[in-house]
2 protein chains.
Amino acid sequence: MNPGGTQRPRAAVVLTGSELVTGVIVDANGPWLARELTTLGFEVVHLLGVGDRPDDLAAALRYCAAAGCVLVVTSGGLGPTADDLTGEIVAAFAGVELEIDDALQERIAAIVSRFPRIDQDPAARDAGIRKQAFVPRGAVVLEPVGTAPGLVVSADDGPVVVVLPGPPRELTGMWPAALASPPMQALLATVPPAHGRLLRYYGLYEAEVAATLRALEQECDLSGVEVTTCLRRSELEVDLRPQPGAEDAARWLAAELVSRHANRLVSADGTSTDELLARTLLDRGLTVATAESCTGGLLAGRLVDRPGSSAYVQGGVVSYSNAAKTALLGVPAEMIEEHGAVSPEVARAMADGARAALDADVGIGITGVAGPDGGTAAKPVGYVCLCVTTASGVVLARDRRLPGGRADVRDRSVDAGMHMLLRVVTGLR
Amino acid sequence: MNPGGTQRPRAAVVLTGSELVTGVIVDANGPWLARELTTLGFEVVHLLGVGDRPDDLAAALRYCAAAGCVLVVTSGGLGPTADDLTGEIVAAFAGVELEIDDALQERIAAIVSRFPRIDQDPAARDAGIRKQAFVPRGAVVLEPVGTAPGLVVSADDGPVVVVLPGPPRELTGMWPAALASPPMQALLATVPPAHGRLLRYYGLYEAEVAATLRALEQECDLSGVEVTTCLRRSELEVDLRPQPGAEDAARWLAAELVSRHANRLVSADGTSTDELLARTLLDRGLTVATAESCTGGLLAGRLVDRPGSSAYVQGGVVSYSNAAKTALLGVPAEMIEEHGAVSPEVARAMADGARAALDADVGIGITGVAGPDGGTAAKPVGYVCLCVTTASGVVLARDRRLPGGRADVRDRSVDAGMHMLLRVVTGLR
């Protein structure tokens with residue numbers, strides 16, 4: 001469902017840097033800014049990456065303006081060296097001169113003086129500081145988070161251009177100041193609230209959502225609600241974004257989707273599986289231990305990814321070899337011989353062994369064939385056995401045939417393990 | 001160093017999908033395609049993300065053509081539903097009609113029939129198959145890797161447009177066929193080889209490279225060599241790309257950079273640390289075991305990330321609690337009491353314990369304060385102790401104060417551990 005005529009103010013994100021267009025780096029700023037702008041109620045129409053070439057950046061700005069964008073956010077190109085040209089090009093785009101800001105120059109110099117000077121020529125350093133203190137006339141200066149200041153530039157009859165530095169920490173750190181600037185405040189006053197909703201499912205197919213949407217369209221006009229589905233971490237995220245005026249339709253649609261696929265719903269407000277699992281373990285005072293073979297520590301790594309996880313993660317064992325399964329987890333060698341290292345029996349013994357070795361309430365065992373080698377007719381690549389056991393005798397076991405290559409099988413095994421843990425601990429009293 | 005006038009054929013990547021411009025997903029296709037195109041010798045000038053809106057995609061194609069691109073690669077929008085419009089829009093852009101390809105329709109139907117039919121309306125399914133079999137007249141069809149075929153479309157006086165599906169596995173799987181298509185072969189014949197070089201360093205600062213470059217510019221004209229530096233996994237990647245005619249200058253520059261910073265060079269041909277470590281372990285018949293606290297299994301996960309790693313990874317222990325350090329790794333409780341769980345002594349005992357418990361030649365122990373809590377004046381957040389020990393008595397220990405937040409500290413600890421392992425196993429005979 002894609003509303004033909006969009007009614008939301010349009011915005012664009014322009015990312016600069018040769019490392020983007022040569023594929024040296026996967027950019028995190030673009031998605032971050034796109035999500036921020038969408039949440040604020042803008043319609044992000046373009047996300048552009050351009051190299052450090054002045055003409056290409058100028059062309060990108062003109063393109064965004066021609067596409068009807070009232071806001072363009074740029075990242076990168078604010079450094080001290082001569083090929084960092086964003087400020088100059090944005091000034092030319094807005095039709096204003098660059099002027100030196102003496103007070104800003106002093107503030108940048110003070111910041112730079114606190115950094116260790118690595119092999120750097122003082123003349124080059126001073127030239128860099130001076131360059132960074134040139135500001136388009138009338139622009140709002142955003143104080144440096146690193147060493148580079150940001151800018152908010154309003155062009156007559158053109159978009160507001162917010163100019164941010166490239167390092168993600170600096171960009172996200174400067175964003176609140178950009179939002180608070182008078183030109184952004186004036187613009188935001190004209191933006192209708194987003195009223196977006198994110199539903200999270202596990203085990204639901206996109207085609208099922210599509211079928212439900214087709215049925216619901218017979219009951220209600222949903223043309224004003226943009227629905228985007230996205231598979232991430234084996235979950236289906238269903239993102240609902242109403243055009244202004246379609247908020248009620250979006251609310252109704254969300255309620256219907258929640259109730260029609262309730263058995264596979266993870267959260268109705270976008271809360272992540274990791275967050276839900278952490279909260280539940282903490283609320284119930286439970287601890288968890290892992291025993292991993294094919295996933296090689298990835299599940300443990302995901303569990304301890306959260307601050308404060310030491311309160312509920314006891315630890316884990318990566319038992320890649322059979323000897324480790326026996327020595328560290330107490331899996332009987334005969335069991336491995338009889339059923340194979342990849343078997344429901346061994347997965348369960350690993351879960352029990354992890355619980356015992358690490359003195360935890362809940363244990364999980366994962367053993368599988370991640371490939372590319374090691375598959376057989378009976379146990380092909382992608383065959384994974386998972387088991388969660390608890391001190392109180394609960395056992396949840398699954399044998400899965402997971403699709404994809406080695407990395408896919410491992411990632412999907414971790415995803416499956418997270419959902420099995422969530423299911424078990426949610427059921428425990 | 002950024003050559004003002006570019007002499008390489010220009011290319012662009014256009015990614016479609018609302019999930020991109022709302023920030024729901026971080027795109028992997030863009031960087032992957034950008035790197036492929038750069039390696040082939042194109043100059044990628046723009047990377048564009050657009051929503052599923054026909055006008056915006058058409059505008060993006062015109063923009064790339066206006067920017068002088070001889071090649072545009074698109075991803076996404078080839079699905080069976082009505083809002084997947086890339087084929088139609090590319091046909092209109094190239095000024096040709098869409099025609100049904102009956103044989104293709106049958107092949108797609110055969111593929112779809114192998115998928116489980118989930119709740120899907122047969123009429124909708126058949127309409128979807130038919131839609132996917134419409135092909136711009138004269139286009140080369142790329143056989144489906146999933147269910148959607150790709151396209152190579154040549155516009156008169158316009159760029160070659162390669163149309164690929166959005167799922168990364170399908171996109172990368174279809175790429176060789178796209179390259180082999182007659183329009184791409186004709187285009188590639190006009191592209192000068194890239195002659196790019198990637199130098200990989202650990203422990204080298206960008207400012208040091210910049211200083212070296214300034215010095216070398218006095219000795220040789222380097223204006224034809226584009227140098228991009230990128231920090232990734234704590235390593236500094238220095239990417240050298242010559243314009244046609246500047247190949248010798250690039251070769252000289254690479255040799256100088258290698259020799260001037262030889263002590264921190266990881267590889268002179270871009271080979272990854274993971275690959276070097278795996279090769280060395282295999283070559284020397286050595287096995288490794290891990291004991292992780294603050295990194296919670298991430299190092300083990302990274303080691304077993306490679307196919308065939310079971311030949312040299314014995315396994316690991318994630319000893320998040322002190323009890324686990326003692327029970328599974330034999331770290332004396334008194335040692336933890338005396339020196340603290342985060343101490344050089346415990347890191348070494350963990351390395352030895354992992355080696356013993358898992359019967360490995362090389363052990364590594366990592367214990368640290370990842371934060372955000374748990375820091376003290378003596379052991380602040382970011383303080384990490386690492387130790388590698390071997391059966392033959394080699395010990396390499398490091399205490400580091402790593403910057404950044406929890407995720408940064410953990411990632412940098414894993415990076416440091418990988419480099420310490422590489423250093424030790426490279427030195428072992």
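Both backbone and side-chain heavy atoms feed into the values below; hydrogens, waters and symmetry mates do not. Below, chains carry the letters A, B, ... as their sequence lines are ordered, and counting in each starts from 1.
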Determine the minimum heavy-atom distance between [X] and [Y], stating which atoms define it.
X	Y	result
B:Leu328	A:Val317	CD1-CG2, 3.8 Å
A:Asp56	B:Val45	OD2-CG1, 3.8 Å
A:Arg306	B:Arg406	O-NH2, 3.1 Å
A:Asp239	B:Thr22	OD2-OG1, 4.4 Å

Is chain A contacted by the side chain of [X], its backbone, both, or neither, given a heavy-atom distance below 4.5 Å?
X	value
B:Thr287	neither
B:Ala407	neither
B:Ala324	both
B:Leu48	both
B:Ala60	both
B:Asp373	neither

[X] versus chain B, heavy atoms under 4.5 Å apart: side chain, backbone, both or neither?
X	value
A:Ala327	side chain
A:Ser310	both
A:Ala370	neither

Under 4.5 Å, counting heavy-atom pairs only, tell me which of [options] racks up the most with chain A.
options	answer
B:Gly17, B:Gly301, B:Gly49, B:Gly308	B:Gly49
B:Gly315, B:Gly405, B:Gly30, B:Ala12	B:Gly315
B:Val21, B:Leu231, B:Leu299, B:Val44	B:Val21
B:Ala66, B:Pro307, B:Ser321	B:Pro307

Return the set of residues passing salt bridge (charged side-chain N to carboxylate O under 4.0 Å, His left out) with B:Asp305 (not counting sequence neighbours), or none when no residue passes.
A:Arg410
Would you find a donor on one side and an acceptor on the other, under 3.5 Å apart, between the side chain of A:Tyr320 and the backbone of B:Ala300?
no
Closer than 3.5 angstrom, by distance alone: can the side chain of B:Arg169 be matched with the main-chain N or O of A:Gly404 as a donor-acceptor pair?
no
Rounded to the nearest 0.5 angstrom, the NE2-CZ distance for A:His46 and B:Arg53 is 8.0 Å
Going from CG on A:Leu298 to CG on B:Leu298, what distance comes out if it is rounded to the nearest 0.5 angstrom?
8.0 Å
Below 4.5 Å, heavy-atom pairs only: which of [options] has the largest tally toward chain B?
options	result
A:Gly316, A:Pro54, A:Pro31	A:Gly316
A:Thr295, A:Thr228, A:Asp408, A:Val14	A:Thr228
A:Ala59, A:Ser319, A:Gly51, A:Ala210	A:Ala59

Using a strict cut-off of less than 4.0 Å between a Lys/Arg side-chain nitrogen and an Asp/Glu carboxylate oxygen, indicate whether A:Glu19 and B:Arg232 qualify as a salt bridge.
no
Who in residues 34-42 of chain A is close to chain B, using a strict under-4.5 Å heavy-atom cut-off?
A:Ala34, A:Arg35, A:Thr38
